[in-house]
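Here's the structure we're looking at; comments come further down.
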Amino acid sequence: MTQLVKPYGDTQNDGKVQLSFTLPLEWSEAADEAARRLAGKMGFTDVQVVDGRKIATGYSFFVLYASTPQAVDVDSIAPSSERTHAMSMDEIDALIEERIGRKIRVAGACIGTDAHTVGIDAILNMKGYKGDYGLERYHMFETFNLGSQVAVEELVRFAKQHRIDALLVSQAVTQKGSDIKNFTQLSELLEAEGLRDDVVLICGGPRVTNRLAGELGYDAGFGRGTLPSEVAAFIAVRLAERRRDAARR
Amino acid sequence: MTQLVKPYGDTQNDGKVQLSFTLPLEWSEAADEAARRLAGKMGFTDVQVVDGRKIATGYSFFVLYASTPQAVDVDSIAPSSERTHAMSMDEIDALIEERIGRKIRVAGACIGTDAHTVGIDAILNMKGYKGDYGLERYHMFETFNLGSQVAVEELVRFAKQHRIDALLVSQAVTQKGSDIKNFTQLSELLEAEGLRDDVVLICGGPRVTNRLAGELGYDAGFGRGTLPSEVAAFIAVRLAERRRDAARR
Amino acid sequence: MELKIDRECVARCRELAAAIVAPVEAFIAAHSTVSVERAALRLLGVDGVTPEEIPIPNAILDALPERQRPAGIALAFGKALAETGLDPAALGEAMALGRYSLTEFTETPEGAARGALRPHVESGLERISGQRQARSELLERLPQLPPPLLYVIVASGNIYEDRTAAVAAAEAGAQVVAVIRSTGQSLLDFVPFGPTTEGFGGTYATQANFRIMRVALDEVSEKLGRYVMLTNYASGLCMPEIAVMAAIERLDMLLNDSMYGILFRDINMKRTFIDQHFSRMLNAFSGIIINTGEDNYLTTADAVDQAPAVLASQFINEEFAHRAGLPDRQIGLGDAYEINPDLEDSFLYQVAQAQLAREIFPEAALKYMPPTKHMTGDIFKGHLIDAMFNLTSVMTGQRIHLCGMLTEAIHTPFLGDRSLSLENARYIMNTARHFGDEIVLRPGGAVELRAHDVLTGCEALLERVAATGLMNAIESATFADVSRAPEGGRGFDGVFERAPEYFNPFEEALRGSLTAVSS
Amino acid sequence: MELKIDRECVARCRELAAAIVAPVEAFIAAHSTVSVERAALRLLGVDGVTPEEIPIPNAILDALPERQRPAGIALAFGKALAETGLDPAALGEAMALGRYSLTEFTETPEGAARGALRPHVESGLERISGQRQARSELLERLPQLPPPLLYVIVASGNIYEDRTAAVAAAEAGAQVVAVIRSTGQSLLDFVPFGPTTEGFGGTYATQANFRIMRVALDEVSEKLGRYVMLTNYASGLCMPEIAVMAAIERLDMLLNDSMYGILFRDINMKRTFIDQHFSRMLNAFSGIIINTGEDNYLTTADAVDQAPAVLASQFINEEFAHRAGLPDRQIGLGDAYEINPDLEDSFLYQVAQAQLAREIFPEAALKYMPPTKHMTGDIFKGHLIDAMFNLTSVMTGQRIHLCGMLTEAIHTPFLGDRSLSLENARYIMNTARHFGDEIVLRPGGAVELRAHDVLTGCEALLERVAATGLMNAIESATFADVSRAPEGGRGFDGVFERAPEYFNPFEEALRGSLTAVSS
Ligand code: B12
Ligand code: B12
Ligand SMILES: Cc1ncc(COP(=O)(O)O)c(C=O)c1O
Ligand SMILES: Cc1ncc(COP(=O)(O)O)c(C=O)c1O
């Protein structure tokens, strides 16, 4: 069964959407009309330019309401995240103890020129995030927080030296794709150094999605609102699986 | 020469647009993903669902930023309005005196069940709008303001009785197309009564555009921010033209 | 917050309001209207429509010969009850099908007719006090959040979409939901029947629609553990009948203004005065909070200039309400945040006006309306104007807070708009919850001066009205710049003078019970 | 607005700040850094890059033998000037091409070297005072709008897009435009050269970029009839050099904090203290308003807890600034609106903190930073939080107002975001323009109590710091919960002790002139 849904204004399937954008045009009635046509080209119907005004010489800002004919099939969407295994800190520690039998060594850093450590700190520090303790608080994690603006080369060197099991890297600055650039550099360097399979490689940041992480060759990616336990659980389960698979061979 | 323009975020042609809408879905990561795909289907690229949250049982609200590949050719757009002739009150009075030689009889009303008279009053009353005097203030207009919730039959009867030259009708309530319904009723009734060609037929309201008016068989339509003098000028010029054409025959 | 005002001036304004209303009340006592009579039939239990879709109360009244009108419908109907032995509902149905006509029942003496009516009058009133009782129990068990009570409108035109929207709004924090009427209903001299799914700019007010919403809101109230109130509109040609329907279906508030219909809908003033009185007696008895419509003065004229008129109207509405037995806590006097937002220090003027009302009507359930006139398609700025309105409301302790919509200039609220609007109110009122308690307005400062000007302006206005009399004052366009003739406007033909033998069983009953209630 | 505070406690805090800063100043006087020396070269007129893209000031200094460093670069360079007869710019170029090396000039006696430097020292300083003069004339002729001065950032990474954005912002009401630096520039031990079009999260601070912006803003200033100010960032490894470039290109403000680099960029503390002193002397002389970075304390830790630390940092920044000759009107002490917006009465705490700073630093050009940490993808709510920030700013009379962006959590501002942000500030500050003058905070009320707690908390903190000394206090993580070692962090190798014969012609000149200026 497929369930098609459309945006809802005040009536099922009216498809109502609000838009706003700037056009590099001096404001005039013709500019309003340009905005209307542009929305038409985007495929919207019943387009209303409810506000259009000059915001600077040669620039106008518009607010529109319109209907979209598009619908999306929600049943085809599998939750795209790794936040699946809801486990408590103790359960996770227990799992590691039993299935791995030793502490997991985790290293985290804010790579490239990015200095936004609050996010990675929220995952690693004792304190944690929103009442959910960070990895340092777990018995079965040994964590190294390398902090901000860490060069990927340095991080890889560190991982080798300290036989790290899981690498956690964060990027908050996404402008001009700098986050993708840095994430890619890291995974490529790990490949080159033949270390990729020795670590669980995880990225995160406000704009990260698990899909993106997959595309970049990471084991998982975590976005806004991530809780440390979700990450801890993922690492533990993933490593346990690897153990098992290794054992099988 | 055609000038193609795209929305401007912080770089020429980045095509950045902000969207928001409600989906009839319980919030979850999958709902965020549904919003992302929906925007994809609308033809947007680089889609970021920057906010997604539950607003009620079975409903979620989303804010997105994305890029549109669409561009619009602005040179192909002629200013679609009748606000073309910028004339002062005196110039208009003079023009009427000279080209028509008698007062123009104008009747205005808020038709159907619509009681929003502020708009039509702004055009007709002495006081006018934004410092621009209303038609009552002109020497060469004789105005009748029939007020609110006037049935179209009544208006047509009145027009016949008082040999009205120009009919001005207003609609502010647009829900479920009630404005279109009422506007259409009026023009059809005028046709039926064989009066259509005897009057300059003008509609107005916050959601009216001159294009819409044309489609509905009106001589002109005026939207948000209209000034009385713009309307006065249009009526005077249009009637003068008709005179001339009539004379030619 | 503290604001010093001239208490003597306030006292004088109240005296003037009393002087203005007294003669009108005398007139009211000597007259009735078709809507009052139909309301009596509804209270007796008559409902439904004829095969021609005419509401049965209308059909019955229209069948009453002109000459009998002055006596009221009750006696004639009572005779029919006595002679047919049917109950009012059944009798109504029968008459609708033409089985009986009012004129055939002549035998029964007045006394017997009154007797036949009595049980139905009692059960009619019991039904209402039952609902009043139910409401207070629910409020006990499911207490509301502290005021300002967040109030939103639904207006899709389709009662079932409205229900969806109302439940969603309640979950998002709404404490009161109002269903906006379709445009034009207030000009109908009958109340539509049954559930409706078509309407323009709003949804028809029918008893069935009232019930559908009440059921849905009771459900969500239980789920949320707080009682969610329901509101609709009375003012118009059918004020008394809507008051009956609202009482029966346990609405909690009704828009009910003593002059709105006259000024803004060109309804005859005599008709309106008589109707508002009877409907307000019912509101009082059923524990319904009335909302007056002073906000309307500000939508057509400048809000700075109109401030004294708004206050004057509040005094007059208060007086009419008291005369109908409404206690202060059931009087939701209106005001609105309609000063041009681009006026320097406009926020100060708004605070002055809002706090002034708070000081003058300390017990009243002040109803604060949002910015509407100056809202534009710029939804981002509109959201900010609403925020300053929210701040003013929590600072000045308004009781009923009608949440503004960022899309006010565009469409009747979308589900998402309402959620953003409630988010706005919740955020502002929480972050500045006790700000009002923390500040003292500088004595002799701009705010105090503004409040003083408004108050003295109001006194002057009331003096003029008292001098000419309310009806003449309205005719000479003293309010909202519109002139209405005492015998002009819609529905005047529905007004009639009472004969000595005029009888309306409910009026008596209500008058008796009310003194009790209002204390 | 009125807020009662404990004046004695404030006086004690100032004494403590003086006690804390004194020993650090002694240390500063005995040392210099590579950046200070390069700044001296730039002041003499040296600029440009070598064929290997190395900035010539770096190339020259790197060529100076270790053992000569303690004497400073000036003398060595002066000898070269004397013997080559070239002017500093030409000499720099020549050295860049390897035509001369610093080591070959040994003949010239010190006196002659100083003599050769003198004219260039004078012309260097004249160039700067010329710009200072130009600024005051422009401000005369093109007066700014009343404060709070609306300040926006541009950060596209491309200086030409930034220029477009800056001009648009100015037209939309911005009075100050800051170009955010690319991430990481503050960790470079040199200043990039030439116009740049690539950067991450910001645009490189280069002298060419400064000029491009200045020209564009001067143009729009003339068009608008009001002077639009330009801002960039000094704090980092090149504070003194950026101070020189800013002075030459007539920037009006510089982000310049005495501890930011240490705490938030892990730059060595000794390096930072020495650099901030010399750069601030230059800022003072060039009439540039510094902006300190207290807001940074609030982005990583809870704003309610950190309030005393913020105030303590303000006292310390003030003391360092005074010691460098900065008058109060050039000291833009920072604070930010970062309390959790969902905390009940958070608005009251914000008002308390903002008014407290206003009372303690009456003459300072307080710089108020917008909510950032608690901004989310919900742009509609974000816009409201910014509105309450705008209201607090105008109520408490802040001087420099950094406009918040509804898209703070999403991207560096779009052109349209900036326009909405300015619309927000303009609306709120106009509608509530004189609200602050109208209100008195209730004595003994929550706001007054909160302000008192913050002040006493600050005093306690300063006492602890005074006891251990600033450097140790930083090592034991007294500020922002980060610990930095006195000899740790970036750029320590660029610090050196001055030899007795150390000579920096500008330091002397500035010290002399400053007492004059700052009065
Ligand atoms: C705090 C902050 C700063 C602080 C950083 C202090 C510090 N030590 O971290 C300071 C003031 C230093 C700063 C500076 C700058 N910042 Co800043 N900053 C922010 C701010 C306000 C909040 C970020 C934050 O702390 N969020 C809270 C954390 C908990 O959320 P989070 O990062 O999303 O992390 C969660 C998840 O994403 C996930 N997660 C994150 N990382 C990881 C990693 C792993 C492995 C996992 C599993 C999960 C995970 O888990 C976390 C908990 O749920 C944002 C705006 C905003 N409101 O988001 C701007 C912002 C990120 N900064 C920005 C920029 C550009 C800068 C500057 C370049 C200049 C400027 N505009 O200020 C400088 C340069 C800094 C640099 N070199 O990188 C931009 C980035 C724009 C973009 N999209 O490219 C933003 C969005 C602001 C803006 N709109 O301009 N900033
Ligand atoms: C004032 C007002 C009222 C007043 C009307 C008083 C009166 N006598 O006019 C009152 C309070 C009575 C009222 C009632 C209702 N209103 Co009302 N009202 C408004 C409000 C706030 C302002 C309208 C206004 O006066 N604009 C100012 C004038 C000057 O602008 P204008 O109408 O656009 O006119 C200009 C141009 O359009 C043009 N123009 C207009 N007409 C004409 C005609 C001609 C011939 C020409 C040439 C030009 C022209 O020239 C004018 C000057 O530039 C709007 C919201 C808003 N901010 O827009 C809602 C609004 C129009 N109302 C609305 C509704 C639904 C109602 C109600 C049905 C219930 C309710 N939600 O309140 C009732 C029923 C009224 C009825 N039966 O029609 C909706 C309509 C939704 C929709 N798009 O369908 C709106 C948009 C509010 C909302 N979001 O719900 N309303
Ligand atoms: C007091 C009062 N009654 C009724 C109404 C609604 O009347 P109508 O249904 O005629 O729009 C309003 C609308 O503002 C009002 O203020
Ligand atoms: C005082 C101060 N200096 C400099 C900066 C910018 O430093 P960076 O370029 O390292 O991000 C900031 C940023 O917040 C600051 O507050």
Side-chain angles (χ1 to χ4, degrees), chain B residues 3-23 25-40 42 44-57 59-72 74 130 224-225, chain D residues 152-169 171-172 174 177-180 182 196-203 213 341-342 372 374-386 405-423:
Chain B
Q3 185 200 350
L4 284 177
V5 304
K6 280 178 118 189
Y8 180 103
D10 66 357
T11 313
Q12 272 303 341
N13 296 321
D14 58 18
K16 290 295 181 191
V17 172
Q18 171 267 329
L19 298 94
S20 74
F21 52 77
T22 299
L23 287 181
L25 287 177
E26 192 64 27
W27 187 83
S28 69
E29 289 214 335
D32 279 354
E33 174 60 12
R36 201 186 61 78
R37 289 198 195 175
L38 189 60
M42 295 175 191
F44 291 104
T45 61
D46 187 14
V47 177
Q48 287 188 352
V49 178
V50 297
D51 190 37
R53 65 179 188 282
K54 170 179 180 154
I55 57 172
T57 308
Y59 292 90
S60 303
F61 184 76
F62 304 91
V63 178
L64 294 82
Y65 279 83
S67 297
T68 178
Q70 301 296 338
V72 60
V74 288
K130 299 209 164 142
R224 59 178 157 84
Chain D
V152 299
I153 65 169
V154 296
S156 73
N158 177 328
I159 191 64
Y160 301 106
E161 296 285 357
D162 285 351
R163 179 174 58 185
T164 306
V167 170
E171 289 183 340
V177 175
V179 182
I180 296 280
S182 175
T196 67
T197 56
E198 264 287 304
F200 298 116
T203 307
M213 289 298 280
D342 296 328
T372 62
H374 294 287
M375 297 291 275
T376 68
D378 180 354
I379 58 175
F380 296 98
K381 181 169 182 183
H383 210 41
L384 301 178
I385 303 172
D386 283 336
M405 297 288 148
L406 74 174
T407 53
E408 170 64 30
I410 303 163
H411 46 237
T412 47
F414 286 174
L415 192 97
D417 300 339
R418 231 177 265 107
S419 136
L420 291 174
S421 165
L422 287 161
E423 177 182 59

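The chains referred to below are lettered A, B, ... by the order of the sequence lines, with proteins before strands, and numbering in each begins at 1.
Counting heavy-atom pairs closer than 4.5 Å to chain B, the top residue among D/A155, D/G377, D/A409 is D/G377. Most heavy-atom pairs under 4.5 Å with chain D, from the set B/G52, B/G9, B/S20: that is B/G9.
Rounded to the nearest 0.5 Å, atoms CD (B/Q18) and CG (D/L406) are 8.0 Å apart. Annotation: the span from B/D51 atom CG to D/I379 atom CD1 amounts to 9.0 Å, rounded to 0.5 Å.
The part of D/F380 that comes within reach of chain B is its side chain, from C-beta onward, which places non-hydrogen atoms under 4.5 angstrom from that chain.
Along residues 410-418 of chain D, the residues that come nearer than 4.5 angstrom to chain B, judged on non-hydrogen atoms, are D/I410, D/H411, D/T412, D/P413, D/F414, D/L415, D/D417 in order of number. For a heavy-atom cut-off of 4.5 Å, chain D lies close to B/F61, B/V63, B/Y65 in residues 60-70 of chain B.
Remark: of the listed residues B/D10, B/T11, B/D14, B/T11 is the sole one forming a side-chain contact (heavy atoms from CB on, under 4.5 Å) with D/E161.
Side chains of B/Q12 and D/Y160 form no contact here, defined as non-hydrogen atoms less than 4.5 Å apart.
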